[in-house]
Amino acid sequence: MAVVEVGGDAAVIPFAAMYTPLKNLQNMPPLLRYEPVNCKTCTTLLNPYCRIDPNQKIWMCPFCSGRNPIPPQYSEIAQNNLPAEQIFTTVEYMLPRPMAPPPAFVFVLDTCVSDAELRVAKESLMKAISLVPPETIVGLVSFGKNVNVHVLGFTDSVKSYVLRGDKDYTSQNIKDLLNLGIIGAQAVQGGQSVAVQGATRFLQPISECEFMFTSVLEDLDKDPWPVKQNQRPKRCNYTALSVAVALLESSYQGYGARVVALLGGPPTQDPGKVVKLELGDTLRSHADIERDYAPFYRKAVKAFDTIATRAVNAGHTIDVFSCSLDQVGLYEMRSCVDRTGGYFVTSEAFSHPMFKKSFEMFFKSNAEGKLSMGFQGSMEIHCSREIKIAGVIGPVASMNKSGSNVSQEVEYGIGGTNTWRMCSLDPSTTLSAYFEVVNQHSSAFREGQHRYVQFVTKYQHADGTYRCRVTTNAGLWTEGSNINQVRSSIDQEAAAVLVARLSVWKTENEEAFDILRWLDRKLIHMCSRFATFGETKEAFSLPVNLSLYPQFMFNLRRSQFLQVFNYSPDETAYYRSYLNRENTENALLMIQPTLISYNMSSPPAPALLDVSSIKPDSILLLDTFFYVIVFCGERIAQWRKAGYHEDPQYAALKALLEAPKDDAASIIEERFPYSRYIEADEKGSQARFLLAKLNPSISYNNEEQVGQQSLIYTDDASLQVFMDALKEQAQQSVQNS
């Protein structure tokens with residue numbers, strides 16, 4: 001948790017927390033198979049910070065100071081006989097509820113691709129249904145100019161319902177056209193069950209429909225609608241997603257389900273259209289959107305927002321796997337993914353390893369044979385009276401549940417509520433919760449006074465049980481004058497990610513230039529508050545736990561999250577989506593990549609993220625989370641091209657070339673989404689991926705000082721120039737205060 005003594009927009013670092021609801025913890029107790037006990041006044045759940053009075057059979061809530069009777073099942077409670085929730089700060093309950101049905105997946109397949117690409121996509125779908133548990137419910141929707149909803153519950157022949165792709169169907173329209181009913185309904189109409197006539201024709205367990213699902217895929221061909229020369233195919237992405245969401249919301253509402261879309265190009269039909277049919281009409285850029293030169297942008301965003309709202313209300317998730325050399329409209333449909341807790345995965349083609357590996361990992365089961373994901377989740381935050389909830393940034397949607405602990409003055413991300421819906425979550429889903437300190441001017445904190453925050457996450461487990469995970473955190477308050485104590489409480493890694501998410505959130509309504517100025521002001525304020533100064537710039541120093549924070553901010557300012565030049569809107573939506581959902585370690589890796597150097601004279605070692613780390617006789621391994629680069633120095637590349645590594649007497653060279661590749665493979669193998677792997681040589685075309693992430697300490701401005709050493713052709717300021725300016729501004733701020 002990153003902490004500071006003031007709240008609101010004046011905070012130099014936000015008073016906030018990074019929380020991973022389903023993180024795998026080693027010291028957690030076994031599942032508690034009973035209902036949690038809650039405070040009658042503030043509904044906070046029993047936790048280790050509650051005081052127990054066994055004699056009077058009461059427990060006192062630290063959040064509201066309320067007194068509550070000890071339930072009968074806790075009659076034996078004592079200081080030497082405490083339940084698990086009184087010992088562990090994080091516990092998980094298995095709630096006594098009826099089992100939920102198995103999760104459902106509706107696959108939405110784009111057939112406006114080449115025959116080879118369609119074949120690979122169909123093979124991936126067949127592989128997916130072989131990976132998930134056999135009781136999992138599946139459905140299939142394919143689309144081109146029109147939408148085909150395939151019948152899986154009829155085994156005599158392949159059947160499908162065809163809906164027009166250029167028509168905006170309401171949920172009720174689709175329900176009437178497809179004659180949908182509730183799964184498991186026993187009402188009888190005309191001698192037949194509604195369920196048999198309704199949704200079970202399209203949604204079937206894999207164990208019962210695997211043959212039919214495979215037969216439908218085998219018979220599925222490329223969209224037959226003719227495509228004129230110099231035109232794009234007619235695609236109805238919006239209508240296909242709308243039909244898939246309607247299929248689930250009409251028959252599986254309140255239970256875990258996901259719409260998994262495999263897209264091969266942008267929508268070219270209204271509603272949801274993002275580009276004209278003519279190939280001469282290029283897809284919108286960031287500049288087009290800013291200048292309002294994107295004629296379809298606003299209408300498309302509004303259309304996809306309606307789908308997102310419907311999915312959130314039903315508690316269902318939308319995932320998008322886009323495989324195209326061009327954009328597919330991710331920027332317009334980002335709300336469908338971000339608000340429902342879904343994933344973006346982008347690749348050049350369905351045959352690319354980035355798609356195939358990511359798609360396989362997406363359906364990976366855990367050691368118990370169940371999917372590693374939760375469904376139909378919600379998170380509620382309780383906090384003590386001194387703080388209020390300012391908002392949450394992450395893959396959530398507001399449940400509009402206000403209370404006395406909700407800030408009315410400060411709002412970050414999704415605020416105005418203390419409860420958020422999480423349509424799906426997994427062990428890597430991480431949320432940023434921001435708070436406001438409300439009594440900073442009214443009264444001083446008492447010595448030894450604690451603050452309390454409790455996260456209550458309820459969700460449907462993949463095995464059908466309902467779970468409730470509770471995490472309670474406590475910490476001491478301190479006065480702002482206790483600089484040393486405040487300074488020692490700050491986690492610079494978490495603070496960097498929290499500020500990065502705030503910056504990305506600000507991009508929705510503010511100009512990039514204003515956000516950079518805001519970052520600069522916060523950084524200058526932080527340094528003037530916590531740094532020590534001397535008579536010279538060299539005497540400037542930050543405490544150890546804040547020493548890297550300016551470096552993080554330097555790399556954040558240069559990152560693809562704030563600098564959209566040379567990035568498409570789809571790429572921006574993709575990158576920002578993962579920054580707002582990954583844990584602190586991965587998010588920090590996106591902001592400041594890691595660099596490892598390999599050479600013959602020493603073992604692999606971390607290297608500075610600087611152009612000076614490029615050596616002719618070394619190999620660099622750069623990990624940016626989104627892609628992993630193996631970069632050979634000029635001399636190493638020459639030796640490799642000459643084939644020296646194939647000579648047995650140069651076995652050391654062969655080992656040197658293989659070591660970073662092996663390490664890169666191990667990194668990529670465990671990561672979702674599957675990172676792009678790049679091999680580059682110094683002065684080669686692919687070297688740009690590495691150079692874009694390095695500190696330009698050596699550029700054309702000081703080329704004469706470095707001789708033959710590698711340099712970067714850029715006008716960007718180097719880290720040293722940035723730090724010199726920061727020290728000067730911070731010192732001036734101290735003198736003026």
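Predicted model only: the values in this text are computed from it and were never measured.
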- Message: Distance alone, cut at 3.5 Å: any donor-acceptor contact between the side chains of T90 and T471?
- Response: yes
- Item | NZ/NE/NH1/NH2 to OD/OE distance under 4.0 Å, D570 and R334 | no
- Message: Testing the 3.5 Å rule here: is there a donor-acceptor pair between the side chains of D426 and S372?
- Response: no
- Item | salt bridge (charged side-chain N to carboxylate O under 4.0 Å, His left out) pairs, two or more places apart, involving residues 541-550 | none
- Taking the six-membered ring for Trp, are F672 and Y343 parallel (under 30°), tilted (30 to 60°) or perpendicular (over 60°)? perpendicular
- Task: State which residue, out of V628, I678, L595, V630, fulfils the side-chain contact (heavy atoms from CB on, under 4.5 Å) condition with L622.
- Result: L595
- Item | side-chain contact (heavy atoms from CB on, under 4.5 Å) assessment of Y575 paired with S559 | CA-CA 10 Å; Y575 292 136; S559 70; over 6 Å; no
- How about N366 and E368: does a side-chain donor come under 3.5 Å of a side-chain acceptor? no
- Using modelled atom types only, decide if a donor and an acceptor are shared between the side chain of R581 and the backbone of G342 within a distance under 3.5 Å. yes
- Query: Quick one: salt bridge (charged side-chain N to carboxylate O under 4.0 Å, His left out) partners of R576, sequence neighbours excluded?
  - Reply: none
- Item | More than 12 heavy atoms of other groups within 6.0 Å of E511 CD | no
- Do you know the tightest heavy-atom contact between S718 and P696? CB-O, 3.5 Å
- Task: Taking the six-membered ring for Trp and the full ring for Phe, Tyr or His, determine whether the centres of H352 and Y674 are under 6.0 Å apart.
- Result: no
- For S733 and Q729, indicate whether the former's side chain and the latter's backbone hold a donor-acceptor pair under 3.5 Å. no
- Message: Apply side-chain contact (heavy atoms from CB on, under 4.5 Å) to residues T430 and E585 and explain how you reach the verdict.
- Response: CA-CA 11 Å; T430 303; E585 181 182 354; over 6 Å; no
- Measure the CG-CG distance between D319 and L262 for me, rounded to the nearest 0.5 Å. 10.0 Å
- Is it true that a side-chain atom of E682 and a backbone atom of E634 form a donor plus acceptor pair closer than 3.5 Å? yes
- Item | Listed partners of S351 passing side-chain contact (heavy atoms from CB on, under 4.5 Å), at least two apart | E117, V120, A349
- With distance as the sole test, does S428 use its side chain to make a donor-acceptor pair with the main-chain N or O of E582 at under 3.5 Å? no
- Query: Angle class for the Y578/F625 ring planes (parallel below 30°, perpendicular above 60°, tilted otherwise)?
  - Reply: tilted
- Looking at residues at least two apart in the chain, or sitting in another chain, which of them share a salt bridge (charged side-chain N to carboxylate O under 4.0 Å, His left out) with D663? none
- Message: So, using side chain to side chain donor-acceptor pair (under 3.5 Å) as the criterion, who are the partners of S130 when residues are at least two apart?
- Response: none
Less than 3.5 Å apart, which donor and acceptor atoms pair up between the side chains of residues 548-556 and the rest of the protein, not counting sequence neighbours?
{"residue": "Q551", "atom": "NE2", "partner": "Q592", "partner atom": "OE1", "Å": "3.4"}
{"residue": "N555", "atom": "ND2", "partner": "Q551", "partner atom": "O", "Å": "2.9"}
{"residue": "N555", "atom": "ND2", "partner": "Q592", "partner atom": "OE1", "Å": "2.9"}

- How are the rings of Y644 and Y650 set to each other: parallel, tilted or perpendicular (split at 30° and 60°)? tilted
- Item | Flag side-chain contact, heavy atom, 4.5 Å: W518 against S503 | yes
- Message: For L498 and Y434: C-alpha separation, side-chain torsions, deciding distance, then whether side-chain contact (heavy atoms from CB on, under 4.5 Å) applies.
- Response: CA-CA 9 Å; L498 289 163; Y434 297 85; 3.8 Å; yes
- Residue set satisfying ring-ring contact (aromatic ring centres under 6.0 Å, His included) with Y677, at least two apart, ordered chain then number -> none
- Task: Go through F530 and V12 one step at a time and tell me if the side-chain contact (heavy atoms from CB on, under 4.5 Å) criterion holds.
- Result: CA-CA 10 Å; F530 299 125; V12 296; 3.9 Å; yes
- Keeping the roles fixed (side chain from D617, backbone from R635), state whether a donor-acceptor pair exists under 3.5 Å. no
- Is a donor on one side and an acceptor on the other found under 3.5 Å between the side chain of S285 and the backbone of D288? yes
- Message: side-chain hydrogen bond (donor to acceptor under 3.5 Å, both in side chains) for R640 and Q638? Distances and angles first, verdict last.
- Response: CA-CA 5 Å; R640 189 196 69 237; Q638 291 173 351; over 6 Å; no
- State which residues pass salt bridge (charged side-chain N to carboxylate O under 4.0 Å, His left out) with E679; sequence neighbours excluded, sorted by chain then number. K661
- Task: Answer yes or no: is there a side-chain heavy-atom contact under 4.5 Å between F362 and V345?
- Result: no
- Task: Just jot down the side chain to side chain donor-acceptor pair (under 3.5 Å) partners of R676, sequence neighbours excluded, or say none.
- Result: none
- Task: Count the heavy atoms of every other residue, nucleotide or ligand shown that sit under 6.0 Å from NZ of K654, and state whether that count exceeds 12.
- Result: no
- Write out all pairs satisfying salt bridge (charged side-chain N to carboxylate O under 4.0 Å, His left out) with one or both partners inside residues 546-564, taking only residues at least two apart or from two chains. D520-R557
- Message: Looking at K370, I'd like to know if its NZ atom is crowded, meaning that more than 12 non-hydrogen atoms belonging to other residues, nucleotides or ligands lie closer than 6.0 Å.
- Response: yes
- Set of residues satisfying ring-ring contact (aromatic ring centres under 6.0 Å, His included) with respect to F350, sequence neighbours excluded: F355
- Query: Judged by modelled atom types alone, do S613 and D610 share a side-chain donor-acceptor pair under 3.5 Å?
  - Reply: no
- Could you tell me which residues satisfy salt bridge (charged side-chain N to carboxylate O under 4.0 Å, His left out) with R501, sequence neighbours excluded, listed by chain and number? none
- Any donor-acceptor N/O pair, N695 side chain to L719 backbone, under 3.5 Å: yes
- Query: Does the S347 side chain pair with the main chain of M354, one donor and one acceptor, at a distance under 3.5 Å?
  - Reply: no
